[in-house]
Amino acid sequence: MIMRRIFILLVLILSCQILFALKPVRKYPYRPEYFGLMYKEFKVKTEDNVKLNVWFFPAQDTVRWGSLWKGPKNWKNPKRRKYAVDNQKRPTIILCSPDALNMAPMAQFAYYMCNHGYNVVTFDWRGFGGSDRWPINQNFLCYTEFFKDIDAVVDTVKTFPEVDSKNIGISGASMGAFVSFPVFQQNND
C-alpha cells in the first residue's frame, strides 16, 4: 500500500514538472482578425539581434462578440480590418505571453482592452510563434534573454505616435508576469 502511494506521488510530481516548463508553439491557432480586431504586425530586433514578432492593436471599437461566430468551427468574419488610427496618444498595455503556446491567446484580452481606450501590444518570445527560432530547453522555466525581448518591445512601442510613452503598462500571465516585473520596475518611463 505504501509503495503504491509513493508510486502515485512520483507520477504526479513528474507530470506536474511538465506543466512548469517552456512549451513554445510556432503556429498560431488563430489570428486577431478572427476577433474582428484591427492591428498591425511587425518585427522588433532585440539588442542581441533576435527578431520578435509583434501585434499592435490600437484603441478601437470592436465588433460585437457574438457576431463573429457562425458555429464553433466556422468564423463569420476572418477578414483583416484596415489599420487606421487618429494618432491621439493613448495609454498602452503590453501583454506578455505565458511560457506555453505563443501570443495568439492574448488577442482575446486585447479585444476587451482596446474597446476601453487602450492600445494593446502582444509579442512572441524568442523561439515562440513568428519570432526568430532560438534554442529552447523545454525543461527550463525561463531565460534571462526574455528580459531583452520585453525591453526591445517597450523601446519600439513608445516611439509610436499613437502611444502615450508616459503611460505604458506591462501585464502578463505565468512566466510573462514574473519576467515583466523587473523590467517594469527598472524602466522609469
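As a basis for the values below, the full set of heavy atoms in this structure was taken, side chains included, without hydrogen atoms, waters or symmetry mates.
Residue Ser131 holds its OG atom at 6.0 Å from NZ of Lys43, rounded to the nearest 0.5 Å. Interatomic distance, CZ of Phe146 versus CE of Met175, reported as 4.5 Å (0.5 Å rounding).
Counting heavy atoms from C-beta on, the side chains of Met103 and Asn53 come closer than 4.5 Å. A heavy-atom distance below 4.5 Å is not found between the side chains of Val121 and Leu95. Here the side chains of Leu22 and Trp125 are not in contact, with every heavy-atom distance at 4.5 Å or above. Side-chain contact between Val163 and Ile168: present, with at least one pair of heavy atoms (C-beta onward) separated by less than 4.5 Å. In this structure, the side chains of Trp55 and Tyr28 come closer than 4.5 Å at one or more pairs of heavy atoms. With contacts defined as side-chain heavy-atom distances shorter than 4.5 Å, the pair Gln138/Pro24 qualifies.
Among Asp86, Val157, Thr92, Val85, the single residue meeting the side-chain contact (heavy atoms from CB on, under 4.5 Å) criterion with Glu162 is Val85.
Legend: salt bridge (charged side-chain N to carboxylate O under 4.0 Å, His left out) pairs involving residues 125-138, not counting sequence neighbours, sorted by first then second residue: Asp48-Arg126, Arg126-Asp149. Applying the salt bridge (charged side-chain N to carboxylate O under 4.0 Å, His left out) test to every pair with at least one member in residues 170-181, sequence neighbours left out, gives no pairs at all. Applying the ring-ring contact (aromatic ring centres under 6.0 Å, His included) test to pairs two or more places apart or on separate chains, none has a residue in residues 80-107.
Checked against salt bridge (charged side-chain N to carboxylate O under 4.0 Å, His left out), Asp61 has no partners two or more places apart in sequence or in another chain. Contacts of Thr122 classified as side chain to side chain donor-acceptor pair (under 3.5 Å), with partners at least two apart in sequence or in another chain: none. Listed by chain and number, the residues in a ring-ring contact (aromatic ring centres under 6.0 Å, His included) with Phe42 are Phe160 (sequence neighbours excluded). With sequence neighbours excluded, the residues satisfying side chain to side chain donor-acceptor pair (under 3.5 Å) with Arg31 are Tyr39, Glu41. Every residue was checked against the side chain to side chain donor-acceptor pair (under 3.5 Å) condition with Asn87, not counting sequence neighbours, and none meets it. For Asp151, the salt bridge (charged side-chain N to carboxylate O under 4.0 Å, His left out) test picks out no residue, with sequence neighbours left out. By the side chain to side chain donor-acceptor pair (under 3.5 Å) test, Asp164 is found to be paired with Asn167, residues two or more places apart in sequence or in another chain being considered. Every residue two or more places apart in sequence or in another chain was checked for a salt bridge (charged side-chain N to carboxylate O under 4.0 Å, His left out) with Asp124, and none qualifies. Evaluation of the side-chain contact (heavy atoms from CB on, under 4.5 Å) rule for Pro105 yields Tyr30, Leu101, Asn102, Gln108 as partners, not counting sequence neighbours.
Taking the six-membered ring for Trp and the full ring otherwise, Phe140 and Tyr143 have centroids separated by under 6.0 Å. Ring pair Phe128/Trp134: centre-to-centre distance not below 6.0 Å.
With Ser174 contributing its side chain and Asp99 its backbone, the two residues share no donor-acceptor pair below 3.5 Å.
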